[in-house]
Amino acid sequence: MSDLLKISKKYKEQANDILIKTGLVHSLKKYGEVNFTGAYAGDVMMHGDIDIAVVRENSYSLEEIFTIFKEIYFERKFKCY
């Protein structure tokens with residue numbers, strides 16, 4: 001396996017671990033259909049970000065966006081110290 005594939009696999013495994021431990025996908029499903037995009041979806045991760053789109057028919061209001069961010073921050077272990 002090439003070095004780039006090994007790096008990508010390592011980042012994908014770390015990303016999967018974060019998604020499982022935080023329950024982020026479960027939390028986001030309440031707000032729409034969760035779709036992974038970018039390098040995570042394509043299995044070509046070269047750094048540690050996960051692109052996620054939460055899709056629904058209607059646009060999100062600013063209040064809804066803040067509600068989602070607050071839930072992710074306070075209930076899903078994504079806290080900055």
Side-chain angles (χ1 to χ4, degrees):
M1 183 181 296
S2 78
D3 289 342
L4 291 177
L5 290 175
K6 288 178 187 177
I7 292 168
S8 176
K9 182 178 178 184
K10 177 185 168 200
Y11 277 118
K12 180 80 178 239
E13 288 171 355
Q14 291 174 345
N16 288 335
D17 189 48
I18 288 168
L19 292 170
I20 290 167
K21 286 181 179 177
T22 61
L24 180 61
V25 174
H26 176 74
S27 182
L28 292 175
K29 281 184 180 181
K30 294 187 289 187
Y31 301 101
E33 180 184 339
V34 176
N35 295 314
F36 293 96
T37 64
Y40 179 86
D43 282 331
V44 290
M45 295 184 73
M46 291 294 122
H47 50 82
D49 73 315
I50 306 168
D51 299 308
I52 303 173
V54 182
V55 181
R56 70 175 190 185
E57 246 181 73
N58 302 322
S59 297
Y60 293 94
S61 70
L62 190 56
E63 184 176 296
E64 288 174 310
I65 293 169
F66 285 134
T67 298
I68 295 167
F69 286 155
K70 282 176 23 183
E71 179 178 338
I72 290 169
Y73 181 80
F74 288 113
E75 296 178 15
R76 298 291 170 214
K77 303 174 188 172
F78 285 102
K79 294 188 179 182
C80 299
Y81 295 98

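At least one side-chain heavy atom of Tyr31 sits less than 4.5 Å from a side-chain heavy atom of Thr67.
Side chains of Ser27 and Glu75: no donor on one and acceptor on the other come within 3.5 Å. Side-chain contact check for Asn16 and Tyr40: at least one donor-acceptor pair (N or O, by modelled atom type) lies under 3.5 Å.
Under the 4.5 Å side-chain heavy-atom criterion for ILVMFWY residues, a single connected hydrophobic cluster contains both Ile50 and Val25. One hydrophobic cluster, built from ILVMFWY side chains closer than 4.5 Å, cannot hold both Ile18 and Val44; they sit in different ones.
Minimum heavy-atom separation, Met46 to Ile7: SD-CG2, 4.2 Å. The nearest pair of heavy atoms linking Leu28 to Val54 is O-CG1, 3.9 Å.
Taken to the nearest 0.5 Å, the CD atom of Glu57 stands 11.5 Å off from the CD atom of Glu33. Rounded to the nearest 0.5 Å, atoms CD (Glu71) and CZ (Phe66) are 15.5 Å apart. From Thr37, atom OG1 reaches atom CD1 of Ile52 across 8.5 Å, with rounding to the nearest 0.5 Å. If you take CE on Met45 and CG on Asp51, they are separated by 8.0 Å, rounding to the nearest 0.5 Å.
The number of heavy-atom neighbours closer than 6.0 Å to OH of Tyr60, taken from other residues, nucleotides and ligands shown, is above 12.
Asp43 pairs in a salt bridge (charged side-chain N to carboxylate O under 4.0 Å, His left out) with only one of the listed residues (Lys12, Lys10, Lys9), which is Lys12.
Remark: side-chain polar atoms of Ser8 are not paired, donor with acceptor, to backbone N or O of Leu4 under 3.5 angstrom.
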